[in-house]
Every structure is written in structure tokens, then in C-alpha cells.
Amino acid sequence: MAKKLIEISHVNKTYRDKTRGDTVALDDVSLDIFENEFVCVVGPSGCGKTTLLNIIAGLERFDSGSVSMNGAPVVGPGPDRGVIFQQYALFPWMTVKKNIEYGMKYKKVRRPAGEIDPKTNAPREKTEYTKLTKEEKRALSEKYIKMVNLQGFENAYPKQLSGGMKQRVAIARGYAVAPDVLLMDEPFGALDAQTRAQLQEDLLVTWQEEKKTCFFITHDVEEAVLLATKIVIMSARPGKVMEIVDVNLPYPRNQATKLLPEFVEMKNRIWNTVYQMYLEVRK
Ligand SMILES: Nc1ncnc2c1ncn2[C@@H]1O[C@H](COP(=O)(O)OP(=O)(O)OP(=O)(O)O)[C@@H](O)[C@H]1O
Ligand SMILES: [Mg+2]
């Protein structure tokens, strides 16, 4: 039985605005996320997807209910959660390598007693948690640059990269901090169809290798069915979890998976559900 990583229980969130009035963004939202799951969230615009992700990330407060991760309540951001935004959010003045290493700045790793301390060259007397060394950071950034196929661009600046390449840097940075879960808010939303297809496949390969839990928001139902082990369908006004669908298609998945009859059937069914809700919201 997989371990429960995140528990969202009866969460309510209303944005209060004196001039525009109140907006109920989340209404009694409950959701469990287990280790190694790839959870995709779909739903019409404004149904509270980003709000939910920001709450899990610890970037947004909520009014009632509870959110916990590894059994402890979420009270703010932390290195156990890596966030990848739609707009790559890279530092323009830093190279690819520096952008990836930046995320590791605050990361601490466990150094067991007895292990040689490189500073003193003697075994540690007790177990400690210390920051990564320069060499460790370099080794990790090299690993993840390779993972996202950006070898040769280590010293390039973001402005020298295409949109897809920038998003790869953001993904590498997300993985490099070794969080327990990657929270991704429409990370491929701004990309052309070919780059998006390529990054979907890269992400699937990485997910299968690293077995890192993913929480992934998308507008694109086809993308959700391709990636997810579990799809959360949200409805709008107020934002609620309407349905949770297990996607039992085998991995490895790739663009050819989209041709399977089971894939097409599931995609159409979920798409119709989301479209019906969209029509309801427009009324
Ligand atoms: N900071 C804010 N202040 C006031 N209202 C907000 C704020 N952020 C979001 N909202 C409102 O809360 C609701 C949910 O917004 P949210 O951004 O979570 O939706 P979403 O599902 O991510 O939409 P999209 O698919 O368009 O990104 C919307 O009605 C939005 O107008
Ligand atoms: Mg959003």
C-alpha cells in the first residue's frame, strides 16, 4: 500500500474583495495524494486549480479545513515541495547552471555520524544536517541538466533559450531540490504543440525513473490522460472536486498511447464532463 503523502481535508477558501465582492474559490475540497502518484487536475478556468496548488505549496492561506504533508500541517513553503510555474520564473541574470543550483541553496542533507567530514577530513562525531557543498551542487545540476537534455547550455542565460528550453530549466530546478512532490501549474501551457509533446514524454521518463510524486494542473484533458495515474476533475463556482478518475493505461506511455481506444474513450468522456461544466459557468 502506497504511503499517503498529502492530505487535503475539507478545505474552504474565499477571496474577499470590497469592490468586487467575495469569490468562493474552494468549497469543501478533500483530496489524498499518495507517494509516486502522478495526479493531474483539470477543470474550467476559475475553478480554483491554482488556488489549490498554492495552498499545497504553502503560498496561500485558507479559511477552514486542513492540509498536511507527511503527517505535519502545511504552514508555509518548504523544500519538501518543488513548484514549477507556467511562466518559467528563471532569474535572467543567472546562467542555466546557476538557476538550477540556486534552488539547492537552502537544502540541507543528513550527514550520519562516522561519515568523513570533507572540511576536517575526520569522521563526524554525531549526525548533522548541513548544506550541500559546491561539488555536490555541481554534480546534481549536471545530472539534471543531462536529464532535461540541455548539455552544452550550462552557461547560457535564459534570454538565449527558447520557451521550451526555459521550461526544461525550470523542471530541472524543480527536481534538483529533491522535493517529495513536484507541484506544476500548467507548465507546458505556453508552448507549441511539438515542444509540448516532447516535454510530456521527457517528464514521463523522468517520473518513471525518479518515482517522484507529481501534482500537475492542466487545461488540456489529453495531456492529463497521457500523464496521470489519477485525474481530479474540478467544477467551477464554487470550486469543488467533482470526480476522481483512475487512469489504468500501462506505462511507459508516449504519443502512440493517444491512439489506443481506451485512451480516446477516456479523453472524450472527461472532455465532455469539463465542457458541460464550462457551459454551466457561462450561463
Ligand atoms: N488573489 C485573488 N483575489 C481575488 N480573487 C482571486 C484571486 N486569485 C484567484 N481569485 C479568484 O478565485 C477563483 C479561482 O481562481 P484560480 O486562479 O485558482 O483558478 P484556476 O482554476 O487556476 O483558473 P485558470 O484555469 O484560469 O488558471 C477565480 O474566480 C478567481 O477570479
Ligand atoms: Mg490557474
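On a predicted model such as this, the values are computed, not experimentally measured, just so you know. Whatever order the structure lists ligands and atoms in, that order sets their numbers, starting from 1.
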| query | Is it true that the side chains of Asp180 and Asn70 contain a donor and an acceptor less than 3.5 Å apart? | reply | yes
| query | Between Lys267, Gln200, Arg196, which is the residue that forms a side chain to side chain donor-acceptor pair (under 3.5 Å) with Asp220? | reply | Arg196
| task | Using distance alone, decide if ligand 1 has a nitrogen or oxygen within less than 3.5 Å of any nitrogen or oxygen in Ala25. | result | no
| message | Can you confirm whether the side chains of Thr19 and Asp17 place a donor and an acceptor under 3.5 Å from each other? | response | yes
| task | Report, as yes or no, whether the 6.0 Å neighbourhood of atom NZ on Lys258 holds more than 12 heavy atoms from other residues, nucleotides or ligands. | result | yes
| said: Tell me whether the Mg ion (ligand 2) has Thr50 as a neighbour, meaning an N, O or S atom of it below 2.8 Å. | reply: yes
| field | Ring centers of Trp93, Tyr157 separated by less than 6.0 Å | value | no
| task | Determine the interplanar angle of the Phe216 and Phe38 rings, folded into 0 to 90°, and report it as parallel if under 30°, tilted if 30 to 60°, perpendicular if over 60°. | result | tilted
| said: Asp202 vs Asn149, test: side chain to side chain donor-acceptor pair (under 3.5 Å). Steps then yes/no. | reply: CA-CA 9 Å; Asp202 291 347; Asn149 274 317; 4.6 Å; no
| task | Report the part of His219 in contact with ligand 1, treating N, CA, C, O as backbone and CB onward as side chain, heavy atoms under 4.0 Å; options are side chain, backbone, both, neither. | result | side chain
| message | I'd like to check whether Arg20 has a polar contact with ligand 1, where a contact means an N/O of the residue lying under 3.5 Å from an N/O of the ligand. | response | no
| remark: In this structure, atom 17 (O) of ligand 1 is nearest to the protein heavy atom Thr50 CB, 3.7 Å
| request: Going by heavy-atom distance to atom 24 (P) of ligand 1, choose the closest among Pro44, Ser45, Gly48. | output: Ser45
| remark: So the atoms of ligand 1 within less than 4.0 Å of a heavy atom of Cys47 turn out to be 19 (O), 21 (O)
| field | Salt-bridge contact Lys137-Glu142 (side-chain N to carboxylate O under 4.0 Å) | value | no
| request: Would you mind checking which non-hydrogen protein atom is closest to atom 25 (O) of ligand 1, with the distance to 0.1 Å? | output: Lys49 NZ, 2.7 Å
| message | Among Thr51, Leu52, Thr23, Leu26, which one puts a heavy atom closest to atom 18 (O) of ligand 1? | response | Thr51
| field | Taking atom 13 (C) of ligand 1 as the reference point, the nearest protein heavy atom with its distance | value | Gly46 O, 3.6 Å
| said: Is atom 30 (C) of ligand 1 touching the protein, meaning some protein heavy atom lies under 4.0 Å away? | reply: no
| remark: heavy-atom search around atom 8 (N) of ligand 1 in the protein gives Tyr15 CZ, 3.3 Å
